[in-house]
2 protein chains.
Amino acid sequence: MTAHVHPHLTKNQALVFGSLTEAEGPLTAYAILDHLRDSGFRAPLQVYRALDKLVEYGLVHRLESLNAFVACSHSGCASHKSAAFAICDTCGQVVEFSPDEAIDLLTNWTQDRGFQLSKTTIELRGVCQKCAAAN
Amino acid sequence: MTAHVHPHLTKNQALVFGSLTEAEGPLTAYAILDHLRDSGFRAPLQVYRALDKLVEYGLVHRLESLNAFVACSHSGCASHKSAAFAICDTCGQVVEFSPDEAIDLLTNWTQDRGFQLSKTTIELRGVCQKCAAAN
DNA sequence: AGTAAACGTGTAATAACATTACACGGGTGC
DNA sequence: GCACCCGTGTAATGTTATTACACGTTTACT
């Protein structure tokens with residue numbers, strides 16, 4: 001982080017980022033590859049390379065529990081220290097939020113133990129209000 | 001959850017659980033398979049089936065960011081509401097802890113939004129004190 | 001005892017996710 | 001010019017997880 005707010009995106013990075021921003025929810029690398037076949041993508045590596053950079057720039061997050069990727073909700077806004085995700089197992093929708101207090105508590109835990117934290121993963125799985133209401 | 005504290009383990013489940021408790025740190029399903037070849041294991045599915053049950057019983061946790069599994073530190077003790085993991089990227093050691101306050105905050109967030117939480121994943125990646133000291 | 005249901009097991013094949021290795025091309029700066 | 005860095009293209013391979021099918025054991029009900 002401490003990244004450029006508007007890093008220059010290469011052609012492939014822009015295509016991958018476009019796929020993710022157009023999508024309603026998270027996409028796997030191979031789903032992105034399929035979307036971009038018409039744009040000339042041929043191999044998984046083209047997607048993974050772009051994703052690596054986009055994640056590094058903070059424009060995209062990886063969802064570990066899904067092996068998938070989402071565009072950051074706060075693009076252009078580097079205000080949050082770290083992100084958490086509520087993932088609906090019924091409709092696949094993902095809500096990104098910034099539980100700063102909870103993250104502070106976790107960060108304190110690590111500092112108390114001399115653990116040098118580099119990445120925090122918080123993912124909440126369940127059923128969103130809309131899907132729960134729909135039974 | 002609300003599981004038996006001492007569920008009966010089948011032969012395969014006991015073998016897989018044994019591999020994980022003997023191991024220093026997390027193991028992938030295929031690493032477990034390799035360990036158990038001499039005990040007659042032949043296919044990944046034998047491992048995955050046992051792991052599914054062990055996770056269901058609360059005896060084993062899956063580490064999403066590692067695609068690996070660890071024996072629960074609190075085996076036989078169902079006291080914690082949910083677990084978090086500090087994972088050292090240098091030595092691979094995993095420390096399990098129960099950040100109840102942080103989890104309460106996250107749970108409140110979901111309740112405020114009518115999100116029915118079923119699973120919480122909290123994984124902290126970084127470098128443990130020992131490895132940091134060793135440079 | 002007979003038998004159906006539930007569960008565990010064994011095996012093979014395949015699907016899904018991710019990386020390594022190698023070659024090439026376009027810029028930048030000496 | 002040429003060395004260096006970065007992005008790209010392609011193929012092959014490695015790693016993680018699931019589906020499908022067959023069979024055996026236990027449980028529980030009649």
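Just so you know, these numbers come straight off a predicted model, no measurement behind them. First the proteins, then the strands, lettered A, B, ... as listed; each starts at 1.
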What is the distance, to the nearest angstrom, from the [atom1] atom on [X] to the [atom2] atom on [N]?
{"X": "A:Asn67", "N": "C:dC17", "atom1": "CG", "atom2": "C1'", "value": "6 Å"}
{"X": "A:Lys11", "N": "D:dG7", "atom1": "NZ", "atom2": "C1'", "value": "11 Å"}
{"X": "B:Arg49", "N": "D:dA20", "atom1": "CZ", "atom2": "P", "value": "14 Å"}
{"X": "B:Glu56", "N": "C:dC7", "atom1": "CD", "atom2": "P", "value": "10 Å"}
{"X": "B:Gln13", "N": "C:dG10", "atom1": "CD", "atom2": "P", "value": "12 Å"}
{"X": "B:Gln46", "N": "D:dA20", "atom1": "CD", "atom2": "P", "value": "19 Å"}
{"X": "B:Leu66", "N": "D:dA17", "atom1": "CG", "atom2": "P", "value": "11 Å"}
{"X": "A:Leu15", "N": "D:dG7", "atom1": "CG", "atom2": "P", "value": "15 Å"}

Please state whether the rings of A:Phe69 and A:Tyr48 are parallel, tilted or perpendicular, taking 30° and 60° as the class boundaries. perpendicular
Decide, applying a 5.5 Å centre-distance limit and a 30° plane-angle limit (both strict), whether B:Tyr30 stacks on D:dT15. no
State whether [X] places a side-chain N or O below 4.0 Å from either non-bridging phosphate oxygen (OP1 or OP2) of [N].
{"X": "A:Lys53", "N": "D:dC6", "answer": "no"}
{"X": "A:Arg62", "N": "C:dA18", "answer": "yes"}
{"X": "A:Thr10", "N": "D:dT8", "answer": "yes"}
{"X": "B:Thr28", "N": "D:dT15", "answer": "no"}

By salt bridge (Lys or Arg N to Asp or Glu O under 4.0 Å), which residues pair with [X], not counting sequence neighbours?
{"X": "B:Asp52", "value": "none"}
{"X": "A:Glu64", "value": "A:Arg62, A:Lys119"}
{"X": "B:Arg125", "value": "B:Asp89"}

Stretch residues 32-45 of chain A: residues that reach within less than 4.0 Å of DNA chain C through a heavy atom: A:Leu45
From D:dG7, D:dA17, C:dA18, nucleotide with atom closest to B:Phe69 side chain: D:dA17
How would you list, by chain and number, every residue that makes a side-chain contact (heavy atoms from CB on, under 4.5 Å) with B:Ala102, sequence neighbours excluded? A:Ala102, A:Leu105, A:Leu106, B:Pro99
Got a sec, which residues hit side-chain contact (heavy atoms from CB on, under 4.5 Å) with B:Ala23, two or more places apart in sequence or on another chain? B:Leu27
Given DNA chain D, 5'-ward residue of the pair B:Ala31 and A:Ala50, judged by closest heavy atom: A:Ala50
Identified side chain to side chain contact (heavy atoms under 4.5 Å, CB included) counterpart of B:Phe85 within the set B:Val95, B:Leu66, B:Val70, B:Ile122: B:Val70
